[in-house]
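Working notes, beginning with the structure itself.
Letters go in sequence order (proteins before strands), and every chain restarts at 1. Values below: every heavy atom of this structure, side chains too, minus hydrogens, waters and symmetry copies.
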Number of protein chains: 2
Amino acid sequence: MKPKVTIKDIAAKLNVNISTVSRALNDFPNLKDSTKKKVLDTAKEMNYCPSHIAQGLSGKSTRVLALITPTLDPHVLPVIRGVTDACRKMRYAPMLFPNDYWSDETVAFADIKDKWMVDGMLIYNIVYHKKISKEVTGLKNEEIPFVYINKYLGAGIVNTVSVDNFKSVYKAINHLHKLGHKKIGIINGNLTSNDGRERFDAFKKSLKNLKFKYNEQYVGYGEFDKITAYNEMRKILSVRTRPTAIFCSSDLMAIGAMKAIRDKGLQIPDDIAVAGFDDIALGRYVKPSLTTLRTPLEEVGAKAVELLMDIIKNPGQPVKEFGLEAELITRQSSGKEK
Amino acid sequence: MKPKVTIKDIAAKLNVNISTVSRALNDFPNLKDSTKKKVLDTAKEMNYCPSHIAQGLSGKSTRVLALITPTLDPHVLPVIRGVTDACRKMRYAPMLFPNDYWSDETVAFADIKDKWMVDGMLIYNIVYHKKISKEVTGLKNEEIPFVYINKYLGAGIVNTVSVDNFKSVYKAINHLHKLGHKKIGIINGNLTSNDGRERFDAFKKSLKNLKFKYNEQYVGYGEFDKITAYNEMRKILSVRTRPTAIFCSSDLMAIGAMKAIRDKGLQIPDDIAVAGFDDIALGRYVKPSLTTLRTPLEEVGAKAVELLMDIIKNPGQPVKEFGLEAELITRQSSGKEK
DNA sequence: TGTCACTACGCAATCGTTTGCATGAGAGTA
DNA sequence: TACTCTCATGCAAACGATTGCGTAGTGACA
């Protein structure tokens, strides 16, 4: 393997001390412009490339951050993409740690910092997990810079970037409200998942804000999938006074619900309007096309990197929390606003 | 930030030299067992965690490898998963570099090694790209350990792990042959892509091996998508003597082709048998379910890591090339073998 | 001409490890 | 007792950078 060009090589070639080279490369004052230029030119000429690793050892940044994801499924990709893209812009490199792969062993998150000297960590979480939660507490105690993605642990506890489920759901409910709907139901995902709980809460608060009353009969629960939604929708349709609009906590559920509605011989959106959450590709192609909320996951990933950099540069700040709103995408399943 | 526990701390506590600690931790001979035990116990007690970064600086491994992917789309996920999983087993961490994100800048692959001291690199490529190709040549010249994934550059040039398109396609064609088909067509993907070219070549060679004749009229080209396949299939169906079986270079194309066949009023597999390539999830659910070749992408990723470790540990070996065969999955679209 | 303040650079320690070489203690031998 | 030899450990350099401190050299000023 060819040896790396180091500042020593540059120093030797120019007959100066390595400290001079280092200072020139880092644009220190108190250096003759001519020296600076000489060093910079020689560095370029020799194809010098600083070692972030060595820089890290001597107190600066390694330009590496750890990204911990729950799994490596397609639905975590947008976050990874957002993080990676933001990293590139900052000339950072992300290390990937899907925690389902690490969970069988006792890998403390804090060890990742010790082992690989990452500048900070991004923890993307979806469901509550006792071990993860403990690890995160560990990180707080060790005072390691980290940002929690998409999981809200309670105000002021950890630096967080997430999708603001409340504001997002409100957008959808308010949209249905403006369309004249007064009896709005919900088919909700698993309450053990963060999104499940938050979206349900958001639904109830939205109704309250709009001075609607909450009707238990218009509520369905279950997994975030089509089958559940289909069955729950059938139940809701069987009550005496049907709701005129249904909000579903995921697009898949919305599609399941739509099938149940059609099977019952009802029209969407004329008899019942439907709105989902996520903006999956399929939503554009179903008939009628699905009104939904686009979760800004790439933006969340990018924002998390930005926040992490902020925390690294300015330690000791109070906890920051960002909630990014989903974008309401109105299509046929909810009908036109007047 | 809490300071890291280092071998110095252990040494201080035990009143020994750091070199003794280091040797104990690395299980050197010429050390009293009692000393070794003392060090190990204290290390555990103090929660010592070695810094791979510092180890890297002093000549050992950083336990980091760089994974370069073409994009971050769902279809590259299996490889990432395979790589990550294999890394975990070796206590390595992968750094992620999607090269569509880096391509606007002049980021030499070799610089990644200099900057972050990665032990080696994995380059996952799909389409031919002049810049990438040049970078790879650079890596060869710099003698950096690296493995090329899923792109064949020619025998004996670089260490490669890929899906063996020839053996895989042959499996499918041979399957159709055993079912009694003699007139077999192909709808093929973009020839500028590696898979497109190789699968087409493999198709022709397979026919030759089985002593069938190659018929230009049974060949369709185009993008790896449904629409293309639909149109190309229509063309093929319009010739005087139809083929009795169609091999498609991707499942998406197969699904497009199936639609064209049905629209023409023909039965699958009775009038025309269909086989695809990739084993996408949808293939199980279409009617009739799709016979296909499961690309072992996770295995390819894992194998690539294994090969890379081998190259790192034993430098100077001749180039190694592994081709992993896809698994034939027979479903309804091709009919039953007798 | 002596003093002072700057400028521009060198020296050496440091980060956390590894490792070649030196060295002290004890054991074995003559 | 004096001489090796081996074992167990210490010392210090090295990896590639950064940085506090020390110090020649220069010019201004009295």
Problem - Carboxylate-amine/guanidinium proximity below 4.0 Å for B/E298 and B/R81 - result: yes

Practice task
Answer yes when B/K13 and B/D9 have at least one side-chain N-carboxylate O distance shorter than 4.0 Å, and no when they do not.
Solution key: no

Handout entry: Non-hydrogen side-chain atoms of A/V300 and A/S162 separated by less than 4.5 Å
Key = no

Exercise for the section: Take atom CG of A/N17 and atom P of D/dG16, then tell me their distance rounded to the nearest Å. Expected result: 16 Å

Is any side-chain nitrogen or oxygen of [X] closer than 4.0 Å to OP1 or OP2 of [N]?
X: B/N30; N: D/dT6; answer: no
X: B/T20; N: D/dG10; answer: yes
X: B/S19; N: D/dG10; answer: no

Practice task
To the nearest 0.5 angstrom, please state how far the CG atom of B/N99 sits from the CZ atom of A/R88.
Solution key: 12.0 Å

Practice task
Can you see which heavy atom on A/K4 is nearest to which on A/S51, and at what distance?
Solution key: CE-CB, 3.8 Å

Handout entry: Contact residues, residues 38-62 of chain B to DNA chain D [heavy atom, < 4.0 Å]
Key = B/L57, B/S58

Practice task
Extract, from 5' to 3' on DNA chain C, the first and final nucleotides lying under 4.0 angstrom from some heavy atom of chain B.
Solution key: C/dC15 to C/dG20

Exercise for the section: Tell me yes or no: between the side chains of A/S61 and A/Y92, is some donor less than 3.5 Å from an acceptor? Expected result: yes

Problem - DNA chain C-proximal residues of residues 3-16 of chain B, any heavy atom under 4.0 Å - result: B/K4, B/T6, B/I7, B/K8

